[in-house]
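Read the structure below first, then the notes.
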Amino acid sequence: MKKLLLVFLLSPLFSVAQNEDSLFIKKIADQILTGGYAYDKLRELCKQVGPRLTGSQQMYKAEAWGIANFNKFNGVQVIAQECKIKRWVRGGADKAVATIAGKKMNLDITALGNSMGAGAKGVSAPVILINSFDELEKRKSEIKGKIVFYNAKFDNTLVETFYAYGATGRYRWMGPSRAAKYGAVGVVIRSMTHATDNHPHTGSMGYNDSFPKIPAAAMGLADADKLESAFTNNKPVSIQLNTYGHYISDSIGHNIIAEWKGSEHPEQIITIGGHLDSWDLAEGAHDDGAGCVQSMQVLQTLYSLGYQPKHTIRIVLFCNEENGGAGGDKYLEEAKVKNEKHLFALESDEGGFTPRGFTINDNGVTLKKLQSYIPLLNRYGVFSIEQGGDGADIEGLKDIGAITCGFKPDSQRYFDMHHARSDVFENVNKRELLLGAVNMTALIYLVDKYGL
Ligand SMILES: [Zn+2]
């Protein structure tokens, strides 16, 4: 009875709060869907700056662009947080020619990020097709002197495509050294995608220093299928591989930060971000220009609606996520040095597609609290908040007590373009991008207003 009374007494208050929140979130949505600037900012970043490989001139141009945009908000402090970066360069035009039963065929390839080039003459060798590391181990005596073709495919039965990416990503990351251990002279991989075109998809790899640093490249699915069918038909395959990747001297990059001081808990920080760097092959529109401009949109919207945050809100355009992670590392390091209190961190780094939900590193009270906001968000497209991944640039903040959160858009088209030349502005839909920003802004508003 007592409990019932309590519910009765509290419920009008609750509905007033809900009503107030739903009205404010409607204002957020209307502002973004009619006057949001994320799409125009993305056009600037993609078309006026372009590809933003760590350490490149365009990366610095992008940093200046971020600073200029943040400087437009009075009372918001703009910080360029310095981080040391390793500079990998592609070094030339990647090329591969396959010879299948005496017939030559050009492969559309891209060297893997951080891979070392094939030398002045390139590498020419017979190819062995390997589907998995288990198979590599079984056939280790056949690897010496060969180019290993890792043909691990996306599992098409997985509707959440990041699981398919997770399962095949290890061939890109550690495949070259695993093959070099048994004497391979090069590696080519089937790109991590289910795109129906033939674009190759690059991405980071890392060498194990105990083995030779052999060249490594990715090819698109049409080429990978042709090679596979040559093997099915018992035709001999060899490849001439020419890549030129190498490191040049270390340099300096920056996390570009807009800091908007909180009125009640200025010492408690809410971080919202994406990464400003991209691969060199395309404009980095979905990965991760979209996450950058959506994060900027959160600030632009709350600011223009006259909102006064209770906690300190930081928008961070992270440096060097793709091939080093120096920006995320530096942000965490500084937070530790300054003994900062990080309440919540949200990253958008899964493309500018239709919003579906959020995932957080919690399975308890905070998750329940955030899930109670779903009725306020679902008219804008968010129907789920679950325990799950966050974002490479912010994940370390959980070590210092933050709840870390990843924005989850629809994942069906992300890997069509991810790290490929097709990741351009034209492949981003304005409405989808803006709706993502609506949900991010609404969530930040609720987290700021009610705490965690
Ligand atoms: Zn990314």
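Each ligand, and each atom within it, is numbered from 1 in the order the structure gives.
When the Zn ion (ligand 1) is compared with the N/O/S atoms of Asp349, atom OD1 turns out nearest. The atom of Asp287 that is an N, O or S and sits closest to the Zn ion (ligand 1) is OD1.
Side-chain contact check for Asn320 and His275: no donor-acceptor pair (N or O, by modelled atom type) lies under 3.5 Å.
A cation-pi contact, defined as under 6.0 Å to the ring centre and within 45° of the axis, links Lys408 to Phe162.
More than 12 heavy atoms of other residues, nucleotides or ligands lie within 6.0 Å of NZ in Lys369, so this atom counts as buried by the packing criterion.
Not a single N/O/S atom of Glu322, whether from backbone or side chain, sits less than 2.8 Å from the Zn ion (ligand 1).
Ionic pairing of Glu63 and Arg52 is not present here: no N-O contact between side-chain nitrogen and carboxylate oxygen is shorter than 4.0 angstrom.
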